[in-house]
Structure formats: structure tokens, C-alpha cells
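Structure record follows, encoded as C-alpha cells.
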Amino acid sequence: QVQLVESGGGLVQAGGSLRLSCAASGSIFRVNAMGWYRQAPGKQRELVAMSRGGSTNYASTVKGRFTISRDDAKNMVYLQMNSLKPEDTAVYYCNMALKRTYYGMEADYWGQGTQVTVSS
């Protein structure tokens, strides 16, 4: 019954900014990790940014331009994207690794994705 919903995607000119949001709802005990992935046409899904255990990691292509942040009290994760480039165009997916109960196992959940298009 856990559901993730992304928002904030859209069309933006090169050099512009977008802020993506992802909200998780349903029965959640603890979210252990939050991250963002993206998939461009004809390419495999790739990691963009991940937050786990107080640490973060980014794809080399977005370091210095993108920032991931989280609000654990609200079960939300954000991706601030600055200095956008046409090669950032992709469907962006929210991902969370969470436990629904104390005794339950950690499992991954995915949002449906939001389109980000950067024009040149």
C-alpha cells in the first residue's frame, strides 16, 4: 500500500533550474534510503543521486549542479537541479528503500516518473 508520487518536472531552457519532489504515502515504519534515477530514450536507467545513512552520492555528470535533500518527518525527498543541460533530458524516478513495520524486511519502492525536458 506504499505509493510514491513525483512532481516538479517540465520543460526548461538550458541553464535553468527545476526542483523535483517525491512524496511517499501509506504504511511506513522507516525510510532507510531515498534517491533519484533517470532514464533517457534508448538508454538504461542510471543513478542520479542517493541519500543513505547520512551520506550522499551523485553521478559524476551532475556533481556540483544537483542537490538531493530529504524530509524524513514527511517522508519526502527533493532534487534541486541547477544549470540544466540538454543531456539531462530524461524521465526521473523517485526511489525509496523502506520498512513498513519494525519486523518487516527492507524493500524498494518506485514512483511512476516525471518528465524533464531541457531545450537548447
If you look at every heavy atom in [X] and [Y], which pair is closest and at what distance?
X     : Y      : answer
Leu11 : Ser119 : CD1-CB, 4.3 Å
Ala24 : Leu4   : CB-CD1, 3.9 Å
Ala14 : Pro86  : CB-CD, 4.2 Å
Ser17 : Ser83  : OG-N, 4.3 Å

Single-linkage hydrophobic cluster [X]~[Y], side-chain heavy atoms < 4.5 angstrom:
X     : Y      : result
Leu98 : Met105 : no
Tyr58 : Leu84  : yes
Val62 : Met50  : no
Trp36 : Val12  : yes
Val31 : Tyr109 : yes

Aromatic [Y] / basic [X] pairing, under 6.0 angstrom, 45° off normal:
X     : Y     : value
Lys63 : Phe66 : no
Arg70 : Tyr78 : no
Arg45 : Tyr93 : yes

Arg65 and Asp88: salt bridge (charged side-chain N to carboxylate O under 4.0 Å, His left out), yes or no, with the steps? CA-CA 11 Å; Arg65 299 189 298 119; Asp88 294 319; 2.8 Å; yes

[Y] backbone acceptor or donor facing [X] side chain under 3.5 Å:
X      : Y      : result
Ser51  : Thr56  : no
Arg100 : Ile28  : no
Glu6   : Gly113 : yes

Salt-bridge contact Glu87-Arg38 (side-chain N to carboxylate O under 4.0 Å):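 A salt bridge is absent here (no side-chain N lies under 4.0 Å from a carboxylate O).
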
Separation between NZ of Lys85 and OG1 of Thr61, rounded to the nearest 0.5 Å: 8.0 Å

Check whether any side-chain heavy atom of [X] lies under 4.5 Å from a side-chain heavy atom of [Y], and answer yes or no.
X     : Y      : answer
Asn57 : Leu47  : yes
Gln80 : Leu18  : no
Met96 : Asp108 : no
Leu20 : Val116 : yes
Met34 : Arg52  : no
Asn32 : Lys99  : yes

Evaluate whether atom CD of Gln39 has more than 12 neighbouring non-hydrogen atoms of other residues, nucleotides or ligands under 6.0 angstrom away. yes

Would Gln115 and Thr89 satisfy side chain to side chain contact (heavy atoms under 4.5 Å, CB included), going step by step from the backbone distance to the final call? CA-CA 8 Å; Gln115 177 70 47; Thr89 296; 4.0 Å; yes

In this structure, is the centre-to-centre distance between the rings of Trp110 and Tyr37 below 6.0 Å?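 So the answer is yes for these two rings.
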
Of Val77, Leu79, Thr114, which is the lone residue that meets side-chain contact (heavy atoms from CB on, under 4.5 Å) with Cys94?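 Among the candidates, only Val77 passes.
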
